[in-house]
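All residue numbers in this chain count up from 1 along the given sequence. Below, each value reflects all heavy atoms present in this structure, side chains not excepted, and no hydrogens, waters or symmetry copies.
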Amino acid sequence: MATTQRRGRRIMMTPEELDAFLAAERTCRVATVSADGAPHVSALWFAWDGTSLWLYSVTRSKRWAELRRDPRVAVVVDAGEQYGELRGVELTGAAEVVGEVPRTGEPCPELDLPERMFARKNFGMEEMVHDGRHAWLRLTPDAIASWDFRKLAQL
């Protein structure tokens, strides 16, 4: 289970708020570590199952190569335009590959739920369409930090 947030507890999201936020948002930013130690950030769509963040990544990407070499990752999902509307979540941990690489649709019961969630959320479809270029990464976070600046007005 993820560690408890130490700072900003007064504006952090409740577990219910966090689940609702991650269910509604579509795009995250994924930070990986290059071979020379430089950070690399890229955007991806995702699905959240209440425990893990599921990322569907192109397997010939810089991100994929970096995560295969070093699975440490930080992911940020955020929203809001004005300062008082800003809210978001940072999830950190190690990404793990789930299923075939690349994904062509071979049966994998572990992917049934994330693929259904991802297809509905991002494509409005009931089933995932596999293109043979992507594969699944699961991040079960070691730590989660969240913020909701809309709560500042109540302080």
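Considering all non-hydrogen atoms of both residues, Val41 and Ala31 come closest at CG2-CB, 4.0 Å. Smallest separation of non-hydrogen atoms from Leu22 and Phe46: O-CE1, 3.3 Å. Here the closest non-hydrogen pair linking Trp136 and Pro114 is CH2-O, 4.1 Å. When all heavy atoms of Thr104 and Gly132 are compared, the pair lying nearest together is CG2-CA, 4.1 Å. Heavy atoms only, all atoms of each residue included: Ala43 and Thr27 are closest at CB-CG2, 4.1 Å. The two residues Ala94 and Asp142 come nearest to each other via the heavy atoms N-OD2, 4.2 Å.
When Leu53, Val89, Val75 are each tested for a side-chain contact (heavy atoms from CB on, under 4.5 Å) with Ile144, only one passes: Val89.
Partners of Ala79 according to the side-chain contact (heavy atoms from CB on, under 4.5 Å) rule, which considers only residues two or more places apart in sequence or in another chain, are Phe21, Glu25, Arg87. In this structure, Glu85 has no salt bridge (Lys or Arg N to Asp or Glu O under 4.0 Å) partners at least two apart in sequence or on a different chain. With sequence neighbours excluded, no residue satisfies side chain to side chain donor-acceptor pair (under 3.5 Å) with Glu127.
In this structure, Glu100 contributes its side chain and Glu106 its backbone to a donor-acceptor pair below 3.5 Å. When atom types are taken as modelled, the side chain of Arg68 and the backbone of Pro71 share no donor-acceptor pair closer than 3.5 angstrom. Between the Arg69 side chain and the Ser34 main chain, a donor and an acceptor come within less than 3.5 Å of each other. Checking side-chain atoms of Thr59 against main-chain N and O of Arg133 turns up a donor-acceptor pair under 3.5 Å. In this structure, Glu66 contributes its side chain and Ala35 its backbone to no donor-acceptor pair below 3.5 Å. No donor-acceptor pair closer than 3.5 Å links the side chain of Arg63 to the backbone N or O of His40. Formation of a donor-acceptor pair under 3.5 Å by the Lys151 side chain with backbone atoms of Arg10 is not found in this model.
In the model, Arg138 has no side-chain atom that pairs as donor or acceptor with a side-chain atom of Ser52 under 3.5 Å.
Grouping the Ile, Leu, Val, Met, Phe, Trp and Tyr side chains by contacts below 4.5 angstrom, directly or via other members, places Leu18 with Leu55. Val129 is connected to Leu111 through a chain of hydrophobic side-chain contacts under 4.5 Å among Ile, Leu, Val, Met, Phe, Trp and Tyr, so both are in one cluster. At a threshold of 4.5 Å between side-chain heavy atoms, the hydrophobic network of Ile, Leu, Val, Met, Phe, Trp and Tyr places Trp64 and Leu44 in one connected group. Hydrophobic clustering, with ILVMFWY side chains joined whenever heavy atoms are under 4.5 angstrom apart, groups Val101 together with Leu139. Trp45 and Met125 fall within the same hydrophobic cluster, defined by Ile, Leu, Val, Met, Phe, Trp and Tyr side-chain heavy atoms under 4.5 Å apart, directly or through other members.
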Full working for side-chain contact (heavy atoms from CB on, under 4.5 Å) between Thr140 and Thr51 = CA-CA 6 Å; Thr140 303; Thr51 303; 4.2 Å; yes
Test side-chain contact (heavy atoms from CB on, under 4.5 Å) applied to Phe149 and Ile11, step by step | CA-CA 6 Å; Phe149 284 18; Ile11 62 168; 3.6 Å; yes
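Side-chain contact between Arg103 and Cys108: present, with at least one pair of heavy atoms (C-beta onward) separated by less than 4.5 Å. Within the 4.5 Å cutoff, the side chain of Val97 has heavy atoms near those of the Leu137 side chain. Taking 4.5 Å as the limit, some side-chain heavy atom of Pro109 sits within range of a side-chain heavy atom of Asp112. Counting heavy atoms from C-beta outward, Leu91 and Trp48 have side chains that approach closer than 4.5 Å.
For Arg120, the CZ atom is densely surrounded, since the number of other residues' heavy atoms within 6.0 Å is greater than 12.
A distance of 9.5 Å separates CG of Leu86 from CH2 of Trp147, quoted to the nearest 0.5 Å. With values rounded to the nearest 0.5 angstrom, Met128 atom CE is found 12.5 Å from Arg116 atom CZ.
Under the 30°/60° scheme for interplanar angles, the aromatic rings of Tyr56 and His134 are found to lie parallel.
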